[in-house]
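Take a look at the structure below.
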Amino acid sequence: MPDSEPLCASLCADSHRSRPAPKAWPGWASLERVKLKKCPSCAVLAEIVRVYSPRFEHGNGIVRGISLRSRSDTGTELPHGALAVLFEIYLKIGLSGHCVVITAIKGKENPWGLRVPSDSAGLDSMCFGGSTWSPQALALASTWVRDCLAGHQACTKAGATNDPLLPSRVISIGGGDPGAVTLCEPVDNTRARYMCLSYCWGGADFIQTTTANIQSHLLDGISLERLPAVFRDFIQVARAFQVMYVWIDSLCIIQDSTEDWQREAGRMAAVYQNSFLTVAAARAVNPHVRLFARREVSVVDCVQCHSVDHLLSREPSHSASFPLSSRGWAYQEQILSPRVLSFGPDEIFWHCQTTHNCECGQYRGIPQTFRDKTRASWGGRDGMDHLMMWHQAVEQYTKLSLTNWTDRLPAISGIADYHMAESRMGGATYLAGLWSDSLLYDLLWRQAPLGPRAPMTGTPRPWTAPSWSWASRDRPVLYDMPYLTAEHKVQTFCEVIAAECVLAGESKTGQIRSGYLKLRCPMMEVRRKKTVRGDSDRPTLEVAVKDVEGKGNKYATFGSPTFFDELGDNRSLPSSDLYLMRVVLCGTKNHLLILEKAGRPGSDAHTFTRIGLAWYTERPEMSLNWPDKLTEITMI
């Protein structure tokens with residue numbers, strides 16, 4: 001069979017609804033043969049592929065396949081019979097989805113019988129509207145909200161459908177002057193619907209509430225002309241939904257007051273959980289970029305087209321098209337919010353506890369991303385499920401970027417508060433990103449080997465957490481703990497004597513001033529193996545092992561995996577004494593912490609800091625000679 005036939009079978013007007021897309025990209029030669037067959041449908045689509053494929057390949061990926069979808073395929077009523085050509089692309093950043101939406105041109109026939117809306121004003125007035133805030137987009141967003149309020153039990157339980165208590169400050173947008181808004185401090189027990197904004201600060205200079213201007217914002221209000229574009233557009237959306245109060249962090253928190261910032265940051269979970277709707281400025285790199293985007297329309301043969309870029313990755317992404325998806329603060333804002341309406345570069349899309357959707361209908365169905373699954377599944381889980389959910393949240397969160405290094409704990413504190421209320425109802429204490437009732441398991445994080453460093457605002461990096469907390473490091477972390485299931489036998493070796501963190505403010509899950517753990521555990525001194533020319537530059541440890549008769553010690557290379565927290569580019573280890581601390585045995589796999597003696601003035605001989613993680617499996621040539629007596633240590 002000629003290689004053009006599978007492509008034609010999948011794209012032609014008579015069979016595209018029943019034939020699958022080709023499994024592999026057929027190549028340009030096949031497209032030329034398709035056009036030579038003079039199939040009208042295939043000829044138009046081949047030209048669309050030729051025009052749009054270079055935009056999607058980016059040099060990082062390849063087009064994997066093409067398929068043609070209509071309203072019956074997507075389960076979404078694409079307006080006026082519009083079709084969507086899907087391009088599936090594998091990029092280095094993860095799986096993304098791209099499609100081209102095809103609509104009719106007035107006065108031109110097309111192979112699929114697509115028609116122009118009767119109210120169309122011309123070429124730029126597409127079926128979806130000329131921008132992401134067209135009347136059509138507003139109508140669709142209103143339908144999503146209405147359906148969620150009326151039929152989604154999980155969303156009703158998770159968020160505010162009636163009037164919730166207002167946050168300590170909100171912005172009133174329903175006053176007599178439509179060109180101004182007013183900062184308000186509601187009296188106790190004031191109830192009303194409000195909406196939140198999730199956006200990137202992006203290092204830009206824009207209006208904020210400070211100790212110097214708060215009275216002016218409260219008494220005189222703020223002219224819309226002084227607000228950046230994203231804020232103005234957000235207020236327009238809120239007014240369209242007839243919501244008269246909004247919450248924007250830069251205006252509702254006094255930015256130069258540490259006391260106010262810490263207090264309000266500690267209330268973040270309630271602010272987003274009780275919001276009627278959170279609007280996410282997914283495409284804007286800073287507040288000066290508009291929330292709304294104009295759709296770029298191209299004429300290809302007898303139809304008009306616009307491309308849509310979907311962020312479908314299950315991992316946090318650093319996509320240039322969706323800068324908000326890479327920001328640490330946005331992670332908890334979107335997990336905690338019962339409903340999120342996002343404005344992307346090409347279309348609007350919807351997330352709630354129950355489902356997600358987008359204008360072109362390709363991003364539709366039950367929750368798929370980790371954020372979706374987290375929102376939908378934390379409530380009602382118990383035991384090890386909660387532990388693994390928290391570890392997954394930490395893994396996801398630490399891949400994201402923060403402008404201020406000191407936000408490492410506050411930017412996930414809302415999720416921690418929610419997790420404490422829903423999952424840690426036995427009175428567990430939060431300890432700088434770890435939990436007292438699962439502390440030994442929570443200690444077993446490791447730094448991801450190739451993760452990007454988080455941005456820092458100063459040198460040296462400010463202290464944010466004890467060495468045993470993942471929040472003390474500036475790279476993504478991993479928890480390799482798939483063994484926390486019933487079929488694995490788990491044994492712990494450490495006894496927790498005391499654990500404490502001194503809070504920096506009111507929030508139990510925010511910034512801290514200091515912290516320590518006091519443990520009774522098996523300890524073993526180790527030494528760094530001397531390297532010779534030709535050895536790997538990766539640090540290698542030597543450990544004491546039992547001899548063949550089980551007596552005495554001898555040193556052998558610790559050949560099992562070791563993960564050091566702060567290797568840096570020169571992969572150097574401190575010259576001080578190093579120790580292994582045995583924490584958990586799962587099956588035959590031991591999980592150890594690598595420690596060094598603390599160099600802090602006033603520290604005694606039994607005070608240590610964590611510098612890494614190690615694994616090993618007991619075997620004849622590697623049976624570590626652990627002492628019978630446990631050692632009492634303090635870890636800082």
Side-chain angles (χ1 to χ4, degrees), residues 266 383-384 386-387 390-391 394 408-410 412-413 416-417 419-421 423-446 463-473 477 479 481 484 490-525 565 576-585 590-614 626-636:
M384 288 297 185
H386 288 311
L387 173 60
W390 177 254
H391 289 174
V394 169
R408 187 76 158 170
L409 286 171
I412 198 175
S413 64
D417 288 333
H419 189 60
M420 184 183 298
S423 310
R424 305 278 180 162
M425 293 176 284
T429 301
Y430 187 70
L431 299 163
L434 287 64
W435 299 89
S436 62
D437 62 352
S438 57
L439 183 58
L440 298 183
Y441 299 116
D442 293 344
L443 286 169
L444 303 180
W445 53 269
R446 65 182 176 91
W463 186 94
T464 56
S467 65
W468 41 265
S469 168
W470 52 262
S472 66
R473 307 307 179 195
V477 300
Y479 275 102
M481 305 184 70
L484 290 178
V490 178
Q491 181 181 357
T492 59
F493 296 95
C494 296
E495 177 188 350
V496 180
I497 302 172
E500 184 180 1
C501 288
V502 178
L503 304 177
E506 294 181 11
S507 174
K508 296 180 180 180
T509 56
Q511 292 178 348
I512 63 170
R513 301 189 187 280
S514 63
Y516 73 91
L517 302 178
K518 191 174 289 292
L519 306 169
R520 189 175 290 114
C521 52
M523 295 278 289
M524 174 184 293
E525 187 172 358
D565 299 336
S576 60
D577 296 335
L578 303 179
Y579 297 81
L580 291 180
M581 184 181 93
R582 195 179 192 186
V583 184
V584 171
L585 171 66
N590 286 270
H591 295 253
L592 319 172
L593 294 188
I594 307 172
L595 309 179
E596 66 170 332
K597 287 189 175 181
R600 181 181 297 180
S603 300
D604 61 28
H606 294 286
T607 301
F608 297 85
T609 58
R610 172 194 155 130
I611 63 168
L613 177 77
W626 294 102
D628 295 330
K629 184 179 179 181
L630 300 182
T631 303
E632 186 172 309
I633 68 166
T634 299
M635 200 174 355
I636 58 175

List the atom of [X], the atom of [Y], and the distance in Å for their closest heavy-atom pair.
{"X": "I512", "Y": "P466", "result": "CD1-CD, 3.6 Å"}
{"X": "D442", "Y": "Y479", "result": "O-OH, 2.6 Å"}
{"X": "A598", "Y": "I636", "result": "CB-CD1, 4.0 Å"}

Would you say the side-chain atoms of [X] pair up with the backbone N or O of [Y], donor to acceptor, closer than 3.5 Å?
{"X": "D437", "Y": "A428", "value": "no"}
{"X": "R582", "Y": "C494", "value": "no"}
{"X": "S469", "Y": "A432", "value": "yes"}
{"X": "T607", "Y": "K597", "value": "no"}
{"X": "S413", "Y": "G266", "value": "no"}
{"X": "W470", "Y": "G433", "value": "yes"}
{"X": "W468", "Y": "M635", "value": "yes"}

Pairwise distance [atom1]([X]) to [atom2]([Y]) - rounded to 0.5 angstrom:
{"X": "L613", "Y": "L593", "atom1": "CG", "atom2": "CG", "answer": "6.0 Å"}
{"X": "M523", "Y": "F493", "atom1": "CE", "atom2": "CZ", "answer": "15.0 Å"}
{"X": "D417", "Y": "T509", "atom1": "CG", "atom2": "OG1", "answer": "3.5 Å"}
{"X": "E596", "Y": "I594", "atom1": "CD", "atom2": "CD1", "answer": "11.0 Å"}

Of all residues at least two apart in sequence or in a different chain, which pass the ring pair (Phe, Tyr, Trp, His ring centres under 6.0 Å) check with Y430? W435
Do the non-hydrogen side-chain atoms of [X] and [Y] ever get within less than 4.5 Å of each other?
{"X": "V584", "Y": "Y441", "answer": "yes"}
{"X": "H591", "Y": "L585", "answer": "no"}
{"X": "L580", "Y": "W626", "answer": "yes"}
{"X": "L578", "Y": "L595", "answer": "no"}
{"X": "L409", "Y": "T464", "answer": "no"}
{"X": "V502", "Y": "S514", "answer": "yes"}
{"X": "V496", "Y": "L517", "answer": "no"}
{"X": "S467", "Y": "I611", "answer": "no"}

Go through L592 and V583 one step at a time and tell me if the side-chain contact (heavy atoms from CB on, under 4.5 Å) criterion holds. CA-CA 6 Å; L592 319 172; V583 184; 5.8 Å; no
Does the side-chain contact (heavy atoms from CB on, under 4.5 Å) test come out yes or no for H606 and T634, once each step is laid out? CA-CA 6 Å; H606 294 286; T634 299; over 6 Å; no
Taking the six-membered ring of W445, is NZ or CZ of R610 closer than 6.0 Å to its centre and within 45° of its axis? yes
Relative to each other, are the rings of Y579 and F608 parallel, tilted or perpendicular (30° and 60° limits)? perpendicular
side-chain contact (heavy atoms from CB on, under 4.5 Å), that's the test. Do I633 and R520 meet it? Break it down for me. CA-CA 6 Å; I633 68 166; R520 189 175 290 114; over 6 Å; no
Please assess L519 against E495 for the test side-chain contact (heavy atoms from CB on, under 4.5 Å), listing each intermediate value before the final yes or no. CA-CA 6 Å; L519 306 169; E495 177 188 350; over 6 Å; no
